[in-house]
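No experiment lies behind these values; they were computed from the predicted model shown. Just so it is clear, the values below take in all heavy atoms, side chains as well, and ignore hydrogens, waters and symmetry mates. Below, chain A is the first sequence line, B the second, and so on; all start at residue 1.
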There are 2 protein chains.
Amino acid sequence: MSNLTLEDIARQAGVSRSTVSRVLNDHPNVREEVRRRVLEVIRQTGYHPNAAARTLASQRSLMLGLVLPRSVSSFFSDPYFPRLTQGIAQACNHYNYTLALFLVSSAEDETKIYPRISRRGLLDGVLLQSGQIGDQLMDRLLASNIPLVVIGRPFNPEGVSYVDVDNVNAAYNAVSHLVRLGYQRIATIAGPNNSTVSIDRKEGYTRALLERGRKIDPSLIVEGDFTEAGGYYAMQALLPIRPDAVFAASDAMALGAMRAIREAGLRIPEDIAVVGFDDLPFAATAMPPLTTVRQPIAPLGFKAVEVLLDLIENGVQPPRRIIMDTELIVRDSCGALKRRSP
Amino acid sequence: MSNLTLEDIARQAGVSRSTVSRVLNDHPNVREEVRRRVLEVIRQTGYHPNAAARTLASQRSLMLGLVLPRSVSSFFSDPYFPRLTQGIAQACNHYNYTLALFLVSSAEDETKIYPRISRRGLLDGVLLQSGQIGDQLMDRLLASNIPLVVIGRPFNPEGVSYVDVDNVNAAYNAVSHLVRLGYQRIATIAGPNNSTVSIDRKEGYTRALLERGRKIDPSLIVEGDFTEAGGYYAMQALLPIRPDAVFAASDAMALGAMRAIREAGLRIPEDIAVVGFDDLPFAATAMPPLTTVRQPIAPLGFKAVEVLLDLIENGVQPPRRIIMDTELIVRDSCGALKRRSP
DNA sequence: GGACTTTTTGGAAGCGCTCCCAACCAATTT
DNA sequence: AAATTGGTTGGGAGCGCTTCCAAAAAGTCC
């Protein structure tokens, strides 16, 4: 590894440190011949400028942080996060930023990580996956004054920039689809009540029913935890109430629900139709293939980075809001292909 | 955000910059009373030392890089990577390091990312997920002289430190289990030939058969790509050859194989037994529950960090090697519960 | 109580870069 | 020929920390 400095390059190229710096930063006012000479020396020596020195002098680290709070402990089981991370990483590559990952997995982590995040000279901005309602992390980050973009609508969104998918509309469309297909007793397996995602999707479910003049039957609403097992148990609780369709707030829960339905000796979609949310890879190959809502997860992450860079460049006021659209993917589990069309 | 410096803290505490620095770095030679006074000022002001300045002065960034090469594009679909990342992140938190994530998703990324990785003053060390054979990334990283730990045995392991699970033994145990259960025509759906993982698992398969005096029938070995779809097509290719058991080199492929078997109207395990590899969450709830090899993915990541810190502290020579054990999880898909025991 | 050792402290010199400012130079204008 | 302009270059002052070194303070021993 070379321990070359700007000074060394300057000497070898017969120019001053400043000139080399200008070449490195694509400053316009450098004679073409000099620029070439300097670049040639850099190429030959394999010189790379020291990141820390650059950050210290320029007060920009070209580094963004992605914080996944403890409450999203499903990081390793839910494909949502890898997808999101991928979108974010792609954007970072594209804009020449480096991505630092902060995975909070314990209360201890949180106290150790927070100072690292808010330490100056490390991050130019932070992306935060919104977690449970009541999570303190967002407020602390906000207080530290570092540019912040939250992924997923925070419970208390005043003054904060965020990106999100339109969960209300997505759920509304999915449930409207079931209504149009003629189902009478449409249940939902909602997510845990302490997240805005769950609230929004439940809101969409409610709105779709009310708008068609249906009554809301609270016994048709059960709560899962976004996991396969959660969906399984939720569906077992639902079976005695005899729904003829169920909207699950995640594909994993839909899968669990389907398992419970099959185990009860019922058919999908003939006895109970199922609609999920996410469009994970296995949705297409499930038995039967799952009708579900596709959300643009990676694009959401990409967009979050763009918004963050905007905040860094142009200031955090006013807060930016981006809501992305979803798409209903109709397959077999909703019975659309077997029943009357709308 | 405070723009305080060491100097400010020093003034307020009535000591010199050096003393504050010593307090910050847990240097022993500071009078207890002075230490308390300084800490109190730090607490009151909410001061955090500037990371870039620290790195520049101390020549250590307390930051590690995790590089996932392009060839592991399955980052978002295969739960292996989230799990691994989680183990790595936990170790980083534990040892007070920050983790930088480099997700290479295109050839362009690779040329842009490489200079960022090898830039001095950014990373103290690098973790590299070993990818395809022929990947140039490892050699470039090795040449840059930065401490490096590869995750998964590299094809050319001379002089490089790596951690891996014992894939040969794992596959050997899984296939031996099938042999003991009395299966006669044991097939394997291997991974792509250009990775050491696939080679090792195939090696374990071969060894288990040969050791029991079986012949290796090349037509019973087909290649998948570690995905569900790949397993599905591989199994379709295998069906005419009438295996009575199949060892898939990943759970995803095992799942695809099961789908193909069911579609052909055959039963699992009565007609064809299936064993997977990974023990992903869905393995336990598959129909029937999947017998598979559990690998300690998160611990592997954790260990990789520990090895890397060892290299950073004590030099990269000699190269370190860590091979971790796996565990065969027996469920229903292998027929162990229905057939004679070993 | 003085000579010695040990602990504690402050000052100063970097770490390798950016960026401002002044100096320089060549080309153009008067 | 002198003055003006605008592009190009080098020097110097930081950025905020660590760390070495020497000085000061505190302890120890006879």
Side-chain angles (χ1 to χ4, degrees), chain A residues 1-39 41-42 45-63 98 115-116 118-124, chain B residues 1-39 41-42 45-63 98 115-116 118-124:
Chain A
M1 176 161 40
S2 60
N3 276 330
L4 294 164
T5 72
L6 257 197
E7 202 82 41
D8 299 323
I9 304 300
R11 203 175 315 114
Q12 288 192 39
V15 295
S16 76
R17 193 177 58 233
S18 311
T19 300
V20 180
S21 173
R22 276 187 283 264
V23 170
L24 243 31
N25 294 291
D26 283 325
H27 226 77
N29 292 346
V30 179
R31 211 157 21 111
E32 198 43 43
E33 183 234 320
V34 173
R35 179 189 303 277
R36 259 203 298 277
R37 184 148 39 96
V38 170
L39 286 175
V41 173
I42 290 176
T45 54
Y47 165 79
H48 290 295
N50 182 296
R54 257 189 156 171
T55 300
L56 182 58
S58 67
Q59 306 285 39
R60 295 179 320 140
S61 64
L62 298 182
M63 181 130 128
T98 299
R116 278 225 299 283
S118 57
R119 168 166 283 143
R120 285 151 314 124
L122 184 60
L123 301 177
D124 287 346
Chain B
M1 175 160 41
S2 60
N3 276 328
L4 294 165
T5 72
L6 256 197
E7 201 81 64
D8 299 322
I9 304 300
R11 202 175 316 113
Q12 289 191 40
V15 294
S16 76
R17 197 172 54 234
S18 314
T19 299
V20 180
S21 172
R22 275 187 283 264
V23 170
L24 243 31
N25 294 291
D26 283 324
H27 225 76
N29 292 346
V30 179
R31 207 152 28 104
E32 198 44 41
E33 183 235 319
V34 173
R35 179 189 303 277
R36 259 202 297 277
R37 184 147 40 97
V38 171
L39 285 175
V41 174
I42 290 176
T45 53
Y47 165 78
H48 290 295
N50 182 296
R54 260 190 152 171
T55 300
L56 182 57
S58 67
Q59 306 284 40
R60 295 178 320 139
S61 64
L62 298 182
M63 183 131 130
T98 299
R116 279 226 299 283
S118 58
R119 167 167 284 140
R120 285 152 312 124
L122 184 59
L123 301 176
D124 287 346

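A close approach under 4.0 Å does not occur between any side-chain nitrogen or oxygen of A:S16 and OP1 or OP2 of D:dT9. For A:S21, no side-chain nitrogen or oxygen approaches OP1 or OP2 of C:dC17 to under 4.0 Å. Residue B:N29 places no side-chain N or O under 4.0 Å from the OP1 or OP2 atom of C:dT9. Side-chain N/O atoms of A:T5 include none lying less than 4.0 angstrom from OP1 or OP2 on C:dG16. For the pair B:Y47 and D:dG16, the criterion of a side-chain N or O lying under 4.0 Å from OP1 or OP2 is not met. Between B:R31 and C:dT7, a side-chain N or O to OP1/OP2 separation shorter than 4.0 Å is absent.
At the heavy-atom level, B:E7 lies nowhere under 4.0 Å from the strands shown.
Projected onto DNA chain C by closest heavy-atom contact, B:R22 and B:Q59 fall at different nucleotides, the more 5' of which corresponds to B:R22.
Between the C1' atom of D:dG16 and the CZ atom of A:R119 lies a distance of 13 Å, rounded to the nearest Å. One atom, NE2 of A:H48, and another, P of C:dG16, lie 16 Å apart when rounded to the nearest Å. If you measure from atom CG of B:L56 to atom P of C:dA13, you get 17 Å, rounded to the nearest angstrom. Protein atom NE2 of A:H27 is 13 Å distant from nucleotide atom P of C:dC21, rounded to whole Å. Taking atom CG of residue A:L4 and atom P of nucleotide C:dC15, one finds them 14 Å apart after rounding to whole Å. We find that CG of B:N50 is positioned 18 Å from P of C:dC15, with the value rounded to whole Å. With rounding to whole Å, A:R60 atom CZ is found 16 Å from C:dC17 atom P. Rounded to whole Å, atom P of C:dT18 lies 10 Å from atom CZ of A:R17.
Of the options B:T19, B:I9, B:L6, B:L39, a side chain to side chain contact (heavy atoms under 4.5 Å, CB included) to B:L24 is made by B:L6 and by none of the others.
Between B:T55 and B:G121 the shortest heavy-atom distance is CG2-O, 3.6 Å.
The A:N25 side chain lies nearest to C:dT18 when the options are D:dT19, C:dT18, D:dG10. In this structure, of C:dG10, D:dG10, C:dT18, it is C:dG10 that holds the atom nearest to the side chain of B:T19. Listed nucleotides: C:dG11, C:dT18, D:dG16. Nearest to the side chain of B:A53: D:dG16.
No side-chain heavy atom of B:R54 sits less than 4.5 Å from a side-chain heavy atom of A:L122. The side-chain heavy atoms of B:Q12 and B:V20, taken from C-beta on, include no pair separated by under 4.5 Å. Side chains of A:V15 and A:R37 form a contact here, defined as non-hydrogen atoms less than 4.5 Å apart.
A donor N or O paired with an acceptor N or O is found under 3.5 Å between the base of C:dG11 and the side-chain atoms of B:S18.
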